[in-house]
Peer 1: 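Pasting in a structure now, in C-alpha cells, and then I'll have a few things to ask.
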Amino acid sequence: MPAQARPAEPRTFAAHLAAACRNHWRSFLVAVIAAVFMSAIGAFDSRLQPPVQRLFFWLVLLMGGTVLGSAIMSFARGLSVLDDRPWLRGATLTLLIWGPATVMVWMVIAFMRFAPLNLASLLANAGPVLVVSAAMTMINYLADRDPRATHATEDAAASPPPFLARAPARLRRAELYAVEAEDHYLRLHTSEGSDLILMRLSDAMDELEGIEGAQTHRSWWVARGGVDEARRADGRATLRLKSGAEVPVSRTYVRALRQAGWF
C-alpha cells in the first residue's frame, strides 16, 4: 500500500535551498548545458574574455542562479493563489529571481573584471539578467511542474463528482480506480471492469474534483484509493491498481508524488 504522507518540512529558506539542491538535479544539468552554449556564442559581450575564463564566468553565473532560482521556486510552491495561473506563477518567479540574480551578476562581473561596483553597471546588467532569468525559469518550471491533483470532499457521497455520471450504466456503482487516455477516448478502470467514453483527459480532471487522486502521466489520472502497490525499480516508477493494471509514472511527476506520500 502507498506510504502515508510525510509531515511537511518547515518552510524556511534554508530548508528550501537544501531541498532544491537535492531534488532539482535536472535544473543544474540545464545550467551546465546553457553555460557551455552561452560561452560558445560569447553572449552579452562575454566573447571579449578568454575562452576558459568565459566558460568559468557562465558556469558561476548560471549555477549560482540555478541554486537561487530553485530555492525560490521551491519556496513559491506555497503560493496557492497562483496554483491555477501558470503564466502568472512563471512571471512572479521570474521577478522574484530577477532582483537577487542581478545583484549576483553585478558582483561576479566586478570581481572577475576588477571593475568598481557602481549604480551604472548594476542597471546595465538588469535587462540581460531579466531575459536570462525568464528563459531559465520557463525551462525549469516546465521540467519541474507538479502533477494536476484532485481532492476528496466531505460531501462527495451525497454529491458525487460530475464525471461519474458519464460512465456507462454498468460501471456507475463501481469504484473508480483510474482514467486512461486512448486517442480521443478515455478508458475507465473500475472495480467492475473497464470501458471507454469519448472525452479529453483534461476535461475529465475538471469533473473529478471530489475524489482524491492525481495525474501520474500525460495519459493517466489515478484515484488514490485505487492503488494497490507503488513500486520503483530500474529508475522507473509504476503504480499497480487494485484491478491489476500497471500505471506508468512520468519522471516529471515522481518527485511531487513521492513527497505527497504515493511512494
Side-chain angles (χ1 to χ4, degrees), residues 13-77 86-87 89-118 120-147 218 234-237 249-256 258-259:
F13 189 80
H16 286 295
L17 181 60
C21 294
R22 183 174 61 252
N23 297 324
H24 295 267
W25 62 269
R26 291 187 184 87
S27 299
F28 292 102
L29 179 60
V30 168
V32 171
I33 295 172
V36 172
F37 174 75
M38 299 292 264
S39 175
I41 67 173
F44 300 116
D45 293 331
S46 63
R47 62 183 177 277
L48 301 176
Q49 302 173 355
V52 175
Q53 183 179 355
R54 185 165 68 235
L55 178 59
F56 179 73
F57 170 76
W58 282 110
L59 283 171
V60 170
L61 288 185
L62 293 180
M63 291 292 284
T66 298
V67 171
L68 174 66
S70 297
I72 290 175
M73 290 178 74
S74 179
F75 180 79
R77 291 182 188 281
W87 292 108
R89 175 179 283 271
T92 301
L93 290 171
T94 297
L95 293 177
L96 288 174
I97 294 168
W98 180 34
T102 299
V103 174
M104 181 189 68
V105 170
W106 178 53
M107 296 180 70
V108 169
I109 290 177
F111 175 76
M112 296 189 68
R113 296 181 179 176
F114 302 101
L117 294 171
N118 54 56
S121 62
L122 175 65
L123 295 178
N125 288 312
V129 171
L130 178 60
V131 173
V132 174
S133 296
M136 294 297 288
T137 297
M138 180 181 298
I139 293 170
N140 288 312
Y141 182 70
L142 291 175
D144 192 45
R145 62 189 183 276
D146 283 341
R218 69 178 181 226
D234 300 325
R236 300 179 61 185
V249 179
S250 169
R251 291 180 182 273
T252 304
Y253 298 146
V254 167
R255 179 193 55 80
R258 184 177 66 246
Q259 290 182 343

Peer 1: Could you check whether any side-chain N or O of Thr102 sits under 3.5 Å from a backbone N or O of Trp98, counting only pairs where one atom can act as donor and the other as acceptor?
Peer 2: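 Yes.
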Peer 1: When rounded to the nearest 0.5 angstrom, what is the spacing between CG in Leu59 and CE in Met38?
Peer 2: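 Leu59 atom CG to Met38 atom CE measures 12.0 Å (nearest 0.5 Å).
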Peer 1: Would you name the heavy atoms of Leu62 and Ala35 that are closest together and state the gap between them?
Peer 2: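 Heavy-atom minimum between the residues: CD1-N, 3.4 Å.
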Peer 1: Taking Trp106 for the side chain and Asn118 for the main chain, is one N or O donor matched with an acceptor at less than 3.5 Å?
Peer 2: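 It does hold such a pair.
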Peer 1: What are the two closest non-hydrogen atoms of Leu117 and Met107, and how far apart are they?
Peer 2: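 Taking every non-hydrogen atom into account, CD2-CA, 4.1 Å.
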Peer 1: Kindly give the heavy-atom pair with the smallest separation between Ser39 and Pro51, and that separation in Å.
Peer 2: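 Scanning both residues completely, I find the closest heavy atoms to be OG-O, 4.1 Å.
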Peer 1: When rounded to the nearest 0.5 angstrom, what is the spacing between CG in Leu130 and CG in Asn125?
Peer 2: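 Interatomic distance, Leu130 CG to Asn125 CG, rounded to 0.5 Å: 12.5 Å.
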Peer 1: Would you name the heavy atoms of Ala31 and Met63 that are closest together and state the gap between them?
Peer 2: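 Closest pair (atom of Ala31, atom of Met63, distance): CB-SD, 3.9 Å.
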